[in-house]
Each structure stands twice: as structure tokens, then as C-alpha cells.
Amino acid sequence: MQTHDEMTLSRRELLLAGAASAAATATPAHAATAPPSGAGAASARMKTSMEVNGKLRTLTLDTRTTLLDALREHLRLTGTKKGCDHGQCGACTVILDGRRINACLTLAVMHEGAKVTTIEGLGTPGALHPMQAAFVKHDGYQCGYCTPGQVCSAVSVLEEIREGIPSHASADLTAQPLLNAAELRERMSGNICRCGAYSNIVDAITEVAGRTS
Ligand code: FES
Ligand code: FES
């Protein structure tokens with residue numbers, strides 16, 4: 001029969017063995033072969049060139065840099081906004097090779113040679129893009145934080161409809177999508193506006209669609 005001390009010791013041994021086993025399980029398999037942090041950091045930088053708003057821009061970036069941070073922090077194109085940084089709000093929408101994309105969800109180094117258009121590349125205060133002008137005319141914003149993403153998305157939405165790309169709201173996936181409020185609302189649903197300017201945004205897009213269709 002075990003004494004109290006023997007029982008205490010074996011319990012302690014059991015706990016130590018458990019802790020050692022948990023630590024071994026939690027240690028990543030690559031940890032034993034991981035390079036020292038200095039060497040790892042040096043090898044994680046890469047040169048990347050993109051055409052941004054018509055100009056060739058070359059950056060040497062940490063490979064983990066998002067396209068959003070490359071634009072805002074490295075190129076100082078702060079028109080593109082960071083809302084959630086998780087692909088949930090659309091504030092970071094830019095147009096990449098003709099398609100809208102959440103710049104917070106993609107790494108800059110994945111887009112070597114790509115053409116990126118940000119809000120700064122669509123129009124200027126003195127020469128607004130028709131979509132920017134329509135947002136102003138229809139009060140398609142209040143605080144304006146979501147607006148660069150909304151405008152980039154809206155420009156792409158009209159292009160998608162023109163190209164016949166269906167949305168979740170399209171009744172017939174093989175027919176030319178309709179240009180109605182339900183289609184526009186569905187296609188713009190990835191762009192959140194906390195000020196609730198949604199109906200004015202749809203009015204602005206509808207006006208531009210009428211002009212260009
Ligand atoms: Fe990219 Fe919100 S900041 S989706
Ligand atoms: Fe304020 Fe859309 S205008 S969040």
C-alpha cells in the first residue's frame with residue numbers, strides 16, 4: 001500500500017509528465033529547423049512591381065504585406081480605406097486587372113505586373129469620374145469613409161453587368177443581367193456603409209448606368 005508521500009510524489013510526476021507532453025504537442029513541427037529570426041526576416045522580403053493608377057511602382061516588401069498596406073503605407077495612396085482588415089466591409093475595394101478586389105485580403109507580392117486602380121486613379125477633384133460626380137449629386141455618403149470603396153465597386157459592378165456576369169439576384173444565369181435596384185443592391189452588398197447611404201448610392205449608380213448603357 002502507498003504512503004501519503006509516495007502518492008503525492010507520483011501525482012507530481014504525473015503532472016510533470018503531462019506538462020512535458022503538452023509542450024511537445026504544442027511545439028510546431030518546424031520549430032527545430034526554423035532559422036534564427038534575423039535570417040528568416042531577411043529572406044521574407046521581395047521586390048514587386050505594379051502599375052498603380054497608370055504609373056509603374058516598384059517596392060521591396062515583406063511578403064506578408066497586404067495590397068492595402070502596400071498602397072496606403074508604402075505608396076501613401078490613402079484614399080483606399082482600411083475598415084475591418086478582414087474582408088467584411090469593402091472599404092478597401094480597388095480595381096485590379098479590371099476586377100474589384102478587397103485589398104486587405106490579398107498580398108501585394110502576389111500581383112507582380114498587375115494594373116491597380118485606386119480611387120485616386122479614377123478621377124481628381126477637378127475632373128471627377130462620372131461615378132464620383134453621381135455620388136456627390138445624389139448624396140451617396142455622409143462621413144465618406146466607405147465611399148472610395150463604394151465608388152470603385154460601383155464602377156466594377158456596371159462593368160460586370162455589361163459583361164453579362166450574373167449575380168445571386170439574377171433569375172436566369174444565362175441571360176443578360178438586369179440593371180435594376182435588386183441587382184445593384186446584391187452586387188454592392190459587400191460594401192458596408194455605417195451611415196446608411198444605401199438608397200442614395202443605388203440612385204447614383206442607376207444614373208451612371210443610364211448614362212452609359
Ligand atoms: Fe478590407 Fe474591410 S478593410 S474588407
Ligand atoms: Fe459613412 Fe458610408 S458614408 S460609412
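In this chain, numbering begins with 1 at the start of the sequence shown. Just so you know, these numbers use all the heavy atoms, side chains as well, and skip hydrogens, waters and symmetry mates. Both ligands and their constituent atoms are indexed starting at 1 by order of listing.
- Close contacts of ligand 1 with C92, meaning ligand atoms under 4.0 Å from a residue heavy atom, involve 1 (Fe), 3 (S), 4 (S).
- Atoms of ligand 2 lying under 4.0 Å from at least one heavy atom of C146, given by number and element, are 2 (Fe), 3 (S), 4 (S).
- Atoms of ligand 1 lying under 4.0 Å from at least one heavy atom of G87, given by number and element, are 4 (S).
- Tested against L122 for a side chain to side chain contact (heavy atoms under 4.5 Å, CB included), the candidates V151, V94, L128, N53 yield a single pass: V151.
- Those atoms of ligand 2 with a heavy atom of Q142 less than 4.0 angstrom away are 3 (S).
- When distances to atom 2 (Fe) of ligand 1 are checked against a cut-off of 2.8 Å, H86 contributes no N, O or S atom below that limit.
- Atoms of ligand 2 lying under 4.0 Å from any heavy atom of R194, numbered from 1 in the order shown and given with element: 4 (S).
- Residue-ligand proximity, C193 to ligand 2, at heavy-atom distances under 4.0 Å covers atoms 2 (Fe), 3 (S), 4 (S).
- Around atom 1 (Fe) of ligand 2, the angle linking C143 (SG) with C195 (SG) is 100°, rounded to 10 degrees.
- Residue contact check: D85 has heavy atoms under 4.0 Å from atoms 2 (Fe), 3 (S) of ligand 1.
- The shell of residues lying under 4.0 angstrom from ligand 2, judged by heavy atoms, excludes A197.
- Between E163 and R99, at least one side-chain nitrogen of the basic residue sits less than 4.0 Å from a carboxylate oxygen of the acidic one, meeting the salt-bridge criterion.
- Listed by number with element, the atoms of ligand 2 under 4.0 angstrom from any heavy atom of Y141 are 3 (S).
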### Query
Checking side-chain contact (heavy atoms from CB on, under 4.5 Å) for the pair V157/E183: CA distance, chi angles, key distance, verdict?
CA-CA 9 Å; V157 159; E183 277 282 357; over 6 Å; no
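- Every atom of ligand 1 is numbered from 1 in the order shown, and the set under 4.0 Å from a heavy atom of C89 is 2 (Fe), 3 (S), 4 (S).
- Tracing side-chain contacts under 4.5 Å through hydrophobic residues (I, L, V, M, F, W, Y), one reaches V52 starting from L59; they form part of the same cluster.
- Salt bridge present: K137 and E207 bring a charged side-chain N and a carboxylate O closer than 4.0 Å.
- Near G90, meaning under 4.0 Å from any of its heavy atoms, are these atoms of ligand 1: 2 (Fe), 4 (S).
- Atom 2 (Fe) of ligand 1 has no N, O or S atom of C104 closer than 2.8 Å.
- Distances below 4.0 Å separate heavy atoms of C84 from the following atoms of ligand 1: 2 (Fe), 3 (S), 4 (S).
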